[in-house]
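For reference, the structure discussed in these notes is given below.
This is a predicted model, so every value here is computed, not measured.
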Amino acid sequence: MAVLHYEGQIDELHPPHRKRADDPYIFSNTHGMEAASGRQSTVQDRLDAILQCDNIPDLIRLFNPPRPGRNDDPARACRYYKYNFTSLSTLRTIEFRQPDGTFDPQKIKETIVFYLTFVRSCLVRRLDELFGWTTVANPFTRLLRLLC
């Protein structure tokens, strides 16, 4: 859920070509959920939708719905989102697809450290801590408070 809430701030950490709305390989999970439901959603709407999932396949279909206009099989989840949940039921993994592919060991390390810190911070915070800093105007300050 936090990846949806902080999507805009995380986008700003990536180069322009890795945050384009029309990129067919790293589509926004938030936009996918909204397209599947046919309406814009709030943080509370998305949290409610997650809490209504009864099992992992429901969660996968929520985060990775077939994409409109792409001739995706409607019975299958689409993996081409920034966060790919399609292997969650079989491999117990979530793929972070937005970062650039690279052979540079320093960039690989920085990416791993960022996402591990992000996930670890989400695991130890209460929901009000994760989403309650909306009064802080600067979005990066909100993200930094989460990570520290």
Side-chain angles (χ1 to χ4, degrees), residues 1-37 40-47 49-51 53 55-70 72-73 76-148:
M1 177 62 201
V3 294
L4 302 177
H5 184 66
Y6 292 100
E7 181 176 34
Q9 291 80 32
I10 293 171
D11 279 353
E12 292 305 315
L13 301 174
H14 295 286
H17 71 280
R18 298 304 288 177
K19 56 187 173 186
R20 288 188 356 244
D22 63 343
D23 190 314
Y25 299 105
I26 51 169
F27 196 63
S28 163
N29 296 80
T30 301
H31 295 155
M33 291 170 74
E34 290 175 345
S37 71
Q40 293 231 332
S41 61
T42 65
V43 171
Q44 188 62 51
D45 292 335
R46 293 188 292 269
L47 181 58
I50 291 167
L51 294 174
C53 291
N55 52 50
I56 300 277
D58 287 350
L59 190 66
I60 292 168
R61 281 189 292 277
L62 178 67
F63 273 92
N64 295 98
R67 301 216 331 253
R70 301 257 324 150
D72 289 336
D73 179 350
R76 297 189 61 202
C78 176
R79 68 186 192 109
Y80 296 114
Y81 283 89
K82 292 175 185 175
Y83 306 98
N84 173 18
F85 285 71
T86 61
S87 296
L88 192 58
S89 61
T90 55
L91 301 174
R92 298 283 198 227
T93 62
I94 298 170
E95 178 185 14
F96 295 79
R97 296 182 50 83
Q98 189 171 16
D100 267 333
T102 183
F103 291 107
D104 181 335
Q106 186 60 34
K107 286 183 181 181
I108 293 169
K109 180 181 175 184
E110 290 168 359
T111 299
I112 291 170
V113 167
F114 171 77
Y115 281 106
L116 283 175
T117 303
F118 183 83
V119 169
R120 187 177 304 121
S121 296
C122 292
L123 290 172
V124 300
R125 304 261 191 227
R126 297 183 324 264
L127 285 178
D128 63 323
E129 290 179 303
L130 284 175
F131 308 118
W133 293 314
T134 55
T135 57
V136 177
N138 186 316
F140 284 106
T141 301
R142 290 195 304 265
L143 181 60
L144 287 173
R145 283 189 181 178
L146 171 69
L147 298 176
C148 296

### Query
Between Lys82 and Asp11, is there a salt bridge with N-O shorter than 4.0 Å?
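Here Asp11 pairs with Lys82 in a salt bridge, since their nearest N and O are under 4.0 Å apart.
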### Message
For Arg79 and Thr86, which I'm curious about, is there any donor-acceptor pair between the side chains at under 3.5 Å?
### Response
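There is no such pair between these side chains.
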[Y] side chain reached by [X] side chain, heavy atoms, under 4.5 Å:
X: Leu116; Y: Val119; result: no
X: His14; Y: Pro99; result: yes
X: Asn84; Y: Asn64; result: yes

Check [X] against [Y] and note the closest heavy-atom contact, atom names and distance.
X: Asn29; Y: Phe63; answer: ND2-O, 2.9 Å
X: Ile10; Y: Gln98; answer: CG2-OE1, 4.0 Å
X: Arg97; Y: Tyr80; answer: NH2-CD2, 3.3 Å
X: His17; Y: Asp23; answer: O-OD2, 3.5 Å
X: Asp45; Y: Ser41; answer: OD2-CA, 3.5 Å
X: His31; Y: Ser28; answer: N-OG, 3.1 Å

### Query
Can you list the steps and then say if Ile56 with Arg92 is a side chain to side chain contact (heavy atoms under 4.5 Å, CB included)?
CA-CA 10 Å; Ile56 300 277; Arg92 298 283 198 227; 4.2 Å; yes
Return the [atom1] to [atom2] distance between [X] and [Y], rounded to the nearest 0.5 Å.
X: Arg61; Y: Cys78; atom1: CZ; atom2: SG; answer: 14.5 Å
X: Leu59; Y: Cys53; atom1: CG; atom2: SG; answer: 5.0 Å
X: Thr102; Y: Asp104; atom1: OG1; atom2: CG; answer: 4.5 Å

### Message
Is it the case that the ring center of Tyr83 lies less than 6.0 angstrom away from the ring center of Phe96?
### Response
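Yes.
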### Message
Ring centres under 6.0 Å, that's the criterion: do Tyr81 and Phe27 meet it?
### Response
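Aromatic pair counts; centres sit under 6.0 Å.
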### Query
Does atom CD of Gln106 have more than 12 heavy-atom neighbours, drawn from other residues, nucleotides or ligands, at distances under 6.0 Å?
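Atom CD in Gln106 is crowded, with more than 12 foreign heavy atoms closer than 6.0 Å.
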### Task
From the options Thr30, Leu62, Leu51, select the one residue that forms a side chain to side chain contact (heavy atoms under 4.5 Å, CB included) with Arg46.
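Option passing the side chain to side chain contact (heavy atoms under 4.5 Å, CB included) with Arg46: Thr30.
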